Structures are given as structure tokens and as C-alpha cells.
**Student:** 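Dropping a structure here in C-alpha cells format, bear with me for questions.
All of these numbers come straight from a predicted model, not from anything done at the bench.
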Number of protein chains: 2
Amino acid sequence: MEVIKRTAEMQEISLRLKREGRIIGLVPTMGYLHDGHLSLIKKARRENDIVIMSNFVNPLQFGPKEDFATYPRDLDRDNKSAESVGVDYVFAPANEEMYPQGYDTYVEVKGPITEKMCGKSRPGHFKGVTTVVLKLFLITQPDRAYFGQKDAQQAIVIRKMVTDLNVPVKIITCPIVREEDGLALSSRNTYLSSEERLQALALPRALSAGRDMIMKGETDPQKVRLHIKQMLESSPGIRVDYVVVVDGDNLSDLSAIKGKVLLAAAVYVGKTRLIDNIDLEV
Amino acid sequence: MEVIKRTAEMQEISLRLKREGRIIGLVPTMGYLHDGHLSLIKKARRENDIVIMSNFVNPLQFGPKEDFATYPRDLDRDNKSAESVGVDYVFAPANEEMYPQGYDTYVEVKGPITEKMCGKSRPGHFKGVTTVVLKLFLITQPDRAYFGQKDAQQAIVIRKMVTDLNVPVKIITCPIVREEDGLALSSRNTYLSSEERLQALALPRALSAGRDMIMKGETDPQKVRLHIKQMLESSPGIRVDYVVVVDGDNLSDLSAIKGKVLLAAAVYVGKTRLIDNIDLEV
């Protein structure tokens with residue numbers, strides 16, 4: 001495995017591999033790898049000749065009051081994990097490599113899919129995501145790119161960008177990986193105190209309860225949403241950011257529950273913001 | 001020569017050509033070809049294995065009160081001209097191919113280089129340009145792309161986008177092609193009445209006078225700018241939009257004339273907006 005720090009070098013390698021006819025899979029990460037990331041890498045390993053993992057905490061997708069500075073980082077441990085699951089290249093650029101002095105170009109998906117949910121709570125977040133992801137695509141030239149379903153809205157926004165801009169890459173989303181007790185894996189779980197860690201279980205439990213309602217025949221999205229919201233609001237230590245029950249393809253509002261449905265929520269547990277979701281086909 | 005109308009087909013051909021190791025040159029145009037366009041194509045023909053010319057009047061780069069509807073079009077004549085200078089593929093998509101229903105993604109270079117000059121007179125223009133050009137790059141996968149120096153600001157904005165987003169394409173600008181009497185070739189010259197056609201000569205003449213001042217030793221950019229502006233303002237039928245004397249690499253203001261300098265102006269002749277420029281190294 002090679003660790004590449006320079007944008008120009010990574011792009012040169014990627015373009016050479018493409019000329020040689022190799023199929024490239026990219027797994028974009030912000031590092032501090034957990035089993036969720038590793039599941040993406042393993043899938044990429046099975047499906048491509050070359051696996052590139054990017055490891056870059058993207059300042060552009062953090063708001064001014066968010067946790068960019070404190071976001072957990074451990075490059076050495078990440079490199080060991082990446083190597084153990086068969087990554088060929090780790091691309092780990094410094095901020096100045098990705099956004100040199102005078103950087104001024106942005107890629108933005110407009111409209112409801114970036115304005116609601118996390119887009120509402122985190123203005124500018126998805127603009128930062130689409131900008132860095134397009135840069136990573138152009139630097140690493142992947143045939144396929146792998147994203148976790150935990151960031152369901154992110155995956156939908158990236159698919160939209162790829163379709164609109166004619167980016168020749170296939171976007172693959174992989175299921176959420178959870179702890180045994182149900183908490184979705186996230187690098188931010190490391191922020192939680194042991195009390196908060198227990199309180200955080202309210203999030204997967206409330207979403208599961210919403211799914212159970214649907215399984216038992218409930219077709220009114222507002223009733224499901226309200227049930228999830230009330231469960232969360234009555235859970236100690238939880239402050240609700242948003243709860244939605246929406247179309248699983250484009251996040252639009254549903255008049256009735258049918259087809260691909262996404263139950264998604266964001267909550268604060270203490271100062272830590274956690275997101276989770278369940279997608280299902282009805 | 002093949003004329004391709006579908007985005008997916010053009011991208012498939014381009015990706016196949018790349019896999020086969022062919023070097024692709026792209027000449028993006030809005031059609032109604034003149035000798036300026038043909039000079040770009042001829043250069044692309046000399047430097048690449050495959051020449052793709054796009055022919056698309058991009059609605060996104062026209063303001064609501066601008067000339068999108070009346071912009072001159074003649075696809076048949078364009079195809080004959082393109083074939084005569086050795087184009088391999090003409091990519092001529094319909095609007096709905098480039099911007100299907102629900103299209104919502106934009107690429108934007110921020111900052112002074114898109115805010116001054118044409119960016120000030122035509123808000124949103126360069127956002128339309130960078131969005132379509134990135135799409136064309138992703139669809140046609142060029143190694144090199146050719147732009148006319150007549151749109152000097154456009155070339156600088158595209159270079160900035162390519163650098164910032166790590167697009168693996170080399171941007172090549174080619175000199176302005178002029179009529180014998182000095183008027184820069186432009187598809188919009190077709191709008192001019194015979195009287196306006198004569199009045200329009202004030203534009204290249206004023207810019208030439210500015211260059212002559214510099215050649216004779218003038219180093220104050222404001223004096224040169226004012227001279228050009230006054231010449232234009234005293235010319236019958238001419239209304240000045242802007243005149244600048246700026247850094248030829250990044251359009252920044254100059255305290256003194258030195259290095260790469262761009263003399264650029266936009267004027268209205270009747271209802272027709274014309275731009276022209278002279279770049280020189282001092």
C-alpha cells in the first residue's frame with residue numbers, strides 16, 4: 001500500500017492506471033476508520049482492480065461553529081486498517097493541497113435535496129461535500145465510488161451531482177453498520193461520555209419503532225414521523241434536530257407511505273450531533 | 001465526421017477512445033462558426049489524435065434580457081465547416097440533453113475574476129460558462145481544450161476552475177482572428193447594420209491606441225484606460241460598458257504597467273454588445 005500526500009502525484013498515478021485499463025474503486029473518508037468504512041473498502045476490494053481510499057477531513061463541509069478542529073484523527077491507525085483490508089493507495093492530502101491559497105471554485109446542488117434535513121441544520125455543508133467529492137473524483141478517476149447509507153442525504157446529493165454534471169462514475173451505497181446494541185457506527189461516537197453513549201440508543205430505537213409502525217400497516221408518514229419525534233423528545237439527554245419520513249430516492253415529502261421510504265433523524269446527545277436512518281421498500 | 005446528439009453516446013465514445021490511448025482535443029463552441037473558431041479547430045487538429053467540437057448555445061450563460069433566443073444558429077453550415085477542417089465528432093446536444101427536467105447543479109468560480117468586467121455586466125454569465133464547460137469536459141474527456149483569446153476573461157475563469165477542481169485538461173487559448181479592417185470576429189457581428197459595422201471599428205481602434213501609448217512608454221494604467229474610454233465615448237454610435245487595463249493572468253488591478261497586461265473593453269453598438277481586447281507583455 002502506498003500513502004500519497006500530493007494531489008498531482010495521486011492524479012498522475014490514477015490517470016496511468018486508467019490508461020492501463022485498470023478499474024478503480026474510490027472510498028472517500030474523513031478517516032478515523034471504523035467497521036462502517038471497512039465494509040465500504042471490502043466491497044470496493046471485491047469489485048475493482050485498484051482500491052483508493054481518501055483520508056481527508058474536509059474543512060469546507062464544516063460550519064464555523066462545528067467540530068472541524070476537534071474531529072478525531074489518527075492517520076497511522078487508519079493506514080494500518082486500510083492496509084489490512086487491501087487498500088492499494090491512501091490519498092491523504094493536507095488542506096493546502098486541496099485548497100491552496102486563493103482557492104475559489106465551488107460545486108453546488110441546489111433545491112430541496114440540499115435545503116432540508118442536514119442542509120437546513122448545516123448551511124453550506126453539502127456545497128462543501130459536493131466540491132470535495134468532485135475534486136476527489138477528478139484526482140482519483142474512479143469507475144466506482146462507495147458511500148455509507150448512514151449519510152443517506154449525502155449519497156442522494158452526490159448521485160444528483162454525478163447525474164447533472166455527467167461524471168462517469170458509479171455511486172454505490174452500502175448498508176449502515178451498527179454496534180451490537182444498535183447504535184450506528186460513526187467517528188463522532190468517540191465524543192460521547194458513557195452516559196451519553198447509553199442515551200444515544202434512543203435514536204436507533206425510535207427509528208426502529210417507526211419502521212415497526214410501517215410494517216404493521218401504518219401508511220400516514222406524519223403519524224410515523226410524530227411517533228419517532230415523540231419517542232426521541234421523551235428520551236433523557238436527547239435534543240431533536242429533525243425527524244423526517246420521506247421518499248428514499250429524492251427526499252421529497254410523501255402523501256402516503258409507499259415505495260422507497262427513508263426514516264431519518266438527527267439529534268444532539270449533549271454537544272454531539274448524531275444522525276441515523278432506516279430505508280425500506282413498502 | 002460523426003454528429004452526436006446524445007450525451008450518453010458522446011461520453012461512451014470518448015471513454016472508449018481514452019481507453020484506446022487516443023489523445024482528445026475539444027473545441028467548445030456555440031456554433032455559427034467563423035474563422036476564429038476554425039483557427040481553434042485547426043490547432044486542435046495538429047495537436048491531437050481526435051478532435052471533438054461541441055456546438056451548443058448554452059442557455060445558462062445568457063441573462064433573462066439577453067440574446068439567447070436570437071443568437072444566430074446554422075447547424076448544417078457549421079457541420080460542413082467543421083468537416084472541412086478535420087473535426088472527428090461534432091457534439092450538438094439539445095437543451096434537454098444538457099439540462100434535463102430537474103437539473104440543479106452549478107459550478108461557480110467566486111471572487112474578483114468573475115465579478116468584474118463581463119461578470120459585472122452579465123450576472124450569472126460565468127457560472128453558466130463554468131457549469132457547461134465542466135459538463136463538456138466530463139462528457140468528452142479531452143486532454144486539451146481550445147478557447148479564443150477574444151473571450152479573455154472566460155479563458156482566465158476556465159483556467160481557474162480547472163486548477164481549483166483538479167480537472168486533468170490543458171487549456172489552450174488562441175489569438176483573436178480579425179477582419180481586415182480590425183474588427184474581431186464574433187458570431188454577434190451578424191447583428192450589426194452596415195452603419196453599425198463601421199461604427200464598431202472604434203473598438204479595435206481605441207484598444208490599439210491604448211497599446212500604442214504603452215509601446216511609447218506610458219506606465220500608468222489609469223491614463224491608458226482613460227484614453228481608450230474617451231476615444232470610445234467620442235465615437236458615434238458607441239456606448240461604453242467597461243474599459244479595463246489589468247493584469248493579463250488574473251485580471252487584478254495594476255499599480256503600474258508591467259509584465260502581462262490586458263487591455264479589454266465591452267461596448268454597445270446599437271443593441272449589440274461587443275467585446276474585444278489586446279494582451280501584451282511589457
**Student:** Sort out for me which of B:Ala8, B:Pro168, B:Pro100 touches chain A most, counting heavy-atom pairs under 4.5 Å.
**Tutor:**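 Heavy-atom pairs under 4.5 Å are most numerous for B:Pro168.
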
**Student:** Chain A and chain B: which donor-acceptor pairs fall below 3.5 Å?
**Tutor:**
| unit_1 | atom_1 | unit_2 | atom_2 | d |
| --- | --- | --- | --- | --- |
| A:Gln11 | NE2 | B:Asn166 | O | 2.8 |
| A:Gly102 | O | B:Lys160 | NZ | 2.7 |
| A:Asp104 | N | B:Asp164 | OD2 | 2.8 |
| A:Asp104 | O | B:Lys110 | N | 2.7 |
| A:Thr105 | N | B:Asp164 | OD2 | 3.2 |
| A:Thr105 | OG1 | B:Asp164 | OD2 | 2.8 |
| A:Tyr106 | N | B:Glu108 | O | 2.8 |
| A:Tyr106 | O | B:Glu108 | N | 2.9 |
| A:Glu108 | N | B:Tyr106 | O | 2.9 |
| A:Glu108 | O | B:Tyr106 | N | 2.8 |
| A:Lys110 | N | B:Asp104 | O | 2.7 |
| A:Lys135 | NZ | B:Asp164 | O | 2.6 |
| A:Lys135 | NZ | B:Asn166 | OD1 | 2.6 |
| A:Lys160 | NZ | B:Gly102 | O | 2.7 |
| A:Asp164 | O | B:Lys135 | NZ | 2.6 |
| A:Asp164 | OD2 | B:Asp104 | N | 2.8 |
| A:Asp164 | OD2 | B:Thr105 | N | 3.2 |
| A:Asp164 | OD2 | B:Thr105 | OG1 | 2.8 |
| A:Asn166 | O | B:Gln11 | NE2 | 2.8 |
| A:Asn166 | OD1 | B:Lys135 | NZ | 2.7 |

**Student:** Is A:Leu15 close to chain B through its backbone or its side chain, or both, or neither, when contacts mean heavy atoms under 4.5 Å?
**Tutor:** side chain

**Student:** For A:Ile156, give me all partners under side chain to side chain contact (heavy atoms under 4.5 Å, CB included), at least two apart in sequence or on another chain.
**Tutor:**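 Checked A:Ile156 against side chain to side chain contact (heavy atoms under 4.5 Å, CB included); matches are A:Ile113, A:Leu251.
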
**Student:** Looking at CG of A:Leu165 and CG of B:Leu136, how far apart are the two atoms once the value is rounded to the nearest 0.5 Å?
**Tutor:** 11.0 Å

**Student:** Could you grab the distance from atom CZ of A:Phe137 to atom CG of B:Leu138, nearest 0.5 Å is fine?
**Tutor:**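 CG of B:Leu138 is found 11.0 Å from CZ of A:Phe137.
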
**Student:** Applying ring pair (Phe, Tyr, Trp, His ring centres under 6.0 Å) as the test, list every pair that has at least one member in residues 148-168 of chain B; sequence neighbours left out.
**Tutor:** none

